[in-house]
Amino acid sequence: MGGGTPLLEANRTGCDTIGYDINPMACWIVRQELQYIDVDAYREAAEELRRQLESIVGHYYRTTCLQCGSADAHVKYFIWVKTLRCAQCGTEFELYPGYLLAQNKRHPNNVIICARCGSLNEVKSRFAPGECNTCRHPLQLAGPARNNRCMCPTCGANNTYPTVAQGPPRHRMVAIEYYCPACKPRHEGRFFKKPDAGDFRRFSEAKAEWQALRPVYVPDDPIPDGDESARLHRWGYRYYREMFNERQLLGLELSCRLISQVKDERIRSALATNLSDLLRYQNMLCRYDTMALKSLDIFSVHGFPVSLIQCESNLLGIRRDDGRSIGSGGWSNIIDKYALAKAYCNEPFEIRDLGGRRVRVSIPGEWIGDSRNTTTPVEKRNVAIYCASSTLAELPPASVDAVLTDPPYFANVQYAELIDFCYVWLRRLITGEAIFAKPSTRDENELTGNATLERDLLHFTEGLSTVFSHMAKALKPGSPLVFTYHHNAIDAYYPVAVGLLDAGLTCTASLPCPAEMGASIHINGTSSSVLDTIFVCRSTGSVPQRLIVSEPVAVARLVKNDLEQLRSAGVKPTQGDAWCIICGHLTRLAVWQLRWTWQRNRPTAEKLDLVAEAIKGFGGPERVEEYLGSLWKLPRYRQSATCEERAGYEAGDYEIPF
């Protein structure tokens, strides 16, 4: 199921739905998505939780305004820099990679931290910043920490980092972005300040309160070895709790205690789900976006990014007088997002673009969930969710109308390693749920490539084959198995072809579909693709003759047609996008060619070789890309967000049955 999109969309149109996922967090999230909740009752309980937190820890998120002197200004973000103890003289110094705090995009000026005194300076030009207003030291953008080395300012020794021997990284607060409701009407741009004595005192008080507390819900779980968690280990992190500072731990522990006291089970579960979302922002791996001027959550890239500058968001969030939230990463933001999502479930809508104006279009009669209480009698829908491997799914033969899924893209994302970050908290907060019985979401049967656990392409292929075979048997004749896939290496597509051939399925179409925002941090400014390939597969049916080709130049023409359709829909394809489309077509064609002589019982390695040879017979992606270059000019990099619109094939004049 993953995040549940295929299941939710099917449920929305009134279908009975069955969902499988081996990951407990995926099952929990989809269950919460589909579980009916009274939105007004939820919001009332959530705001009460926030009010109680405000009375206990709200003063830790206040600061003195530099404009009016009010001591009741709200901190939006605390900015911290990692420090290192010199191996030569023992001095603890800051690891600044650079001194630019804010660009003049959403603020009138650039904000630069002085390398000598730490004062914040607002300047018009980043390239000629001048001198510090406080100490007259020349301002600079480049910091001393680069390429995992930094010179000690006291003795000049060249230190390396990270240093596992020094334990988890230490941090020093160096800047604050705040919000003063009294000054804002007369103030242009954001409010920035260097932390003062009161700011450091408040953190010390929060730290002391945390140290005096006996935590019940803060996890003490160690971080297991893994492909992604290895980065955390290199930085000295050994336990999940070490990825938070004391003020965050205090706020999260108190949040859990308040959630546990909520009597309504569905609202309590909703708030626990909110906590898992909050965790993404309330940790010391979050970064501050110097252009957007906001916190970037820990999973803004698909990994554990450990940077030298970290951002601590206001736990509570900040509300304006009109009720709207300011900033990101606090309870007010999470509450608003969840309430909007649940309201959407009650009344789904689509967005229509009318001359550049986005218009919301309601869809009468549609709703999402296991039930809804807006009618009498209460309407219910059949929803079955199983926390189990899809390789073990045993459904009655010819019993389902469609299988829709988003399987792992081999080793692109280490789902279990990442989501354990949230899971170790929820399994302490949510009691009596069987899916939280395991200490980790990691499972030997998870279908992801993982070098640490020695899960290779063979493991992935055999698992995918088993899943596809089970699903093919459950499908009614001619009904579709539809899934998305994305990878930048052609050999990662071989398991897809093997799985389909083992299941006796033929790929009738490979459709390019925008799936990532072009402005995503791990996509923007690179040659990576924003596209997934949607594979549509059946046991019997027909395929347009024009899609069955055998020469690389003919494949290139199909790719060119896809690119033209994408561009007409507002997407600006790059070379990376074209590569993704090429891999999809070659996989589809390999399945078409090999289906006549396929022997399921051959060793997996031999079957992978057969697919590889078939794809090479079509010229391989490199050869197709060469022909495409003469047909279509593509930029290498993407620098703006894409518009997620339609992309598909029109029916051909002649269909080839199978």
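Since the model is a prediction, treat every value here as computed from it, not as a measurement. Computation of the quantities below employed the complete heavy-atom set of this structure, encompassing side-chain atoms and omitting hydrogens, waters and symmetry-equivalent molecules.
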Ignoring hydrogens and angles, tell me if any N or O in the side chain of R427 forms a donor-acceptor pair with the backbone of A437 under 3.5 Å.
yes
Can you tell me how far the CG atom of L404 sits from the SG atom of C15, to the nearest 0.5 Å?
8.5 Å
Y60 six-ring centre to R247 NZ/CZ under 6.0 Å and within 45° of normal:
no
May I ask you to check whether over 12 heavy atoms, not counting those of R238, lie within 6.0 Å of atom CZ?
yes
Less than 6.0 angstrom separating the ring centers of F203 and W80, yes or no?
yes
Would you confirm whether R12, through its side chain, and E366, through its main-chain N or O, come within 3.5 Å as a donor-acceptor pair?
no
Has the side chain of K193 got a donor or acceptor atom that lies under 3.5 Å from a matching backbone atom of T64?
yes
When you measure from the side chain of K342 to the backbone of E33, do you find a donor-acceptor pair of N or O atoms at a distance under 3.5 Å?
yes
Distance-only donor-acceptor check, side chains S276 and W28, under 3.5 Å
no
Salt-bridged, R43 to D40, with N to O below 4.0 Å?
no
Would you call D370 and R266 a salt bridge, taking side-chain N to carboxylate O under 4.0 Å as the test?
yes
Donor-acceptor pair, R190 side chain versus L293 backbone, under 3.5 Å?
yes
Spacing of OG1 belonging to T441 relative to CD1 belonging to I435, to within rounding of 0.5 Å
11.0 Å
I'd like to know whether D277 forms a side chain to side chain contact (heavy atoms under 4.5 Å, CB included) with K337, so could you lay out the CA-CA distance, the side-chain angles of the two residues, the decisive distance to 0.1 Å, and finally the verdict.
CA-CA 10 Å; D277 199 7; K337 182 165 60 172; 2.9 Å; yes
Closer than 4.0 angstrom, basic N to acidic O: yes or no for E54 and R50?
no
Can you tell me if Y77 and S328 form a side-chain donor-acceptor pair at under 3.5 Å?
yes
CA sep, side-chain torsions, deciding dist, call: R31, S269, side chain to side chain donor-acceptor pair (under 3.5 Å):
CA-CA 10 Å; R31 185 191 299 177; S269 294; over 6 Å; no
Would you mind writing out the side-chain donor-acceptor pairs for residues 315-324 within the sub-3.5 Å range, not counting sequence neighbours?
unit_1, atom_1, unit_2, atom_2, d
R319, NE, E47, OE2, 3.4
R319, NH1, G323, O, 2.8
R319, NH1, S325, OG, 3.4
R319, NH1, D336, OD1, 3.3
R319, NH1, D336, OD2, 3.0
R319, NH2, E47, OE2, 2.6
R319, NH2, D336, OD1, 3.0
R320, NE, D322, OD1, 3.4
R320, NH2, D322, OD2, 2.7
D322, OD1, R324, N, 3.0

Return yes when atom CZ of R51 has more than 12 non-hydrogen atoms of other residues, nucleotides or ligands closer than 6.0 Å, and no otherwise.
yes
What orientation do Y344 and F349 show, parallel under 30°, tilted 30 to 60°, or perpendicular over 60°?
perpendicular
Ring centres of F483 and F468 under 6.0 Å apart?
yes
Set of residues satisfying ring-ring contact (aromatic ring centres under 6.0 Å, His included) with respect to Y161, sequence neighbours excluded:
none
Start with the C-alpha gap between L34 and V30, add the side-chain angles, then the distance that decides, and say whether side chain to side chain contact (heavy atoms under 4.5 Å, CB included) holds.
CA-CA 6 Å; L34 288 167; V30 175; 3.9 Å; yes
More than 12 foreign heavy atoms under 6.0 Å from NZ of K207: is that the case here?
no
Distance-only polar pair, side chains of D21 and Y415, donor-acceptor under 3.5 Å
no
Here the gap from H74 atom NE2 to F191 atom CZ, rounded to the nearest 0.5 Å, amounts to 11.5 Å
For R85, I'd like to know if atom CZ has over 12 heavy atoms of other residues, nucleotides or ligands within 6.0 Å.
no
Is the CD atom of E347 crowded by more than 12 outside heavy atoms at less than 6.0 Å?
no
Any sub-3.5 Å donor-acceptor pair from E417's side-chain atoms to S229's backbone N or O?
yes
Would you compute the distance between atom CD of E253 and atom CD of E246 and round it to the nearest 0.5 angstrom?
14.0 Å
Should the heavy atoms of other residues, nucleotides or ligands under 6.0 Å from NZ of K294 be counted, would the total exceed 12?
no
Are any side-chain N or O atoms of R428 and backbone N or O atoms of V216, one a donor and one an acceptor, separated by less than 3.5 Å?
yes
Here's a test for you: under ring pair (Phe, Tyr, Trp, His ring centres under 6.0 Å), which of Y240, F244, Y217 qualifies with W425?
F244
Should Y178 and D199 be marked as a side chain to side chain donor-acceptor pair (under 3.5 Å) after you check the CA-CA gap, both sets of side-chain angles, and the distance that decides it?
CA-CA 12 Å; Y178 66 97; D199 298 313; over 6 Å; no
Side-chain donor or acceptor of D420 paired with backbone N/O of Y423 under 3.5 Å
no
Parallel under 30°, tilted from 30 to 60°, perpendicular over 60°: which one fits the rings of F299 and F421?
perpendicular
Ionic contact status for R268 with E265, cut-off 4.0 Å
no
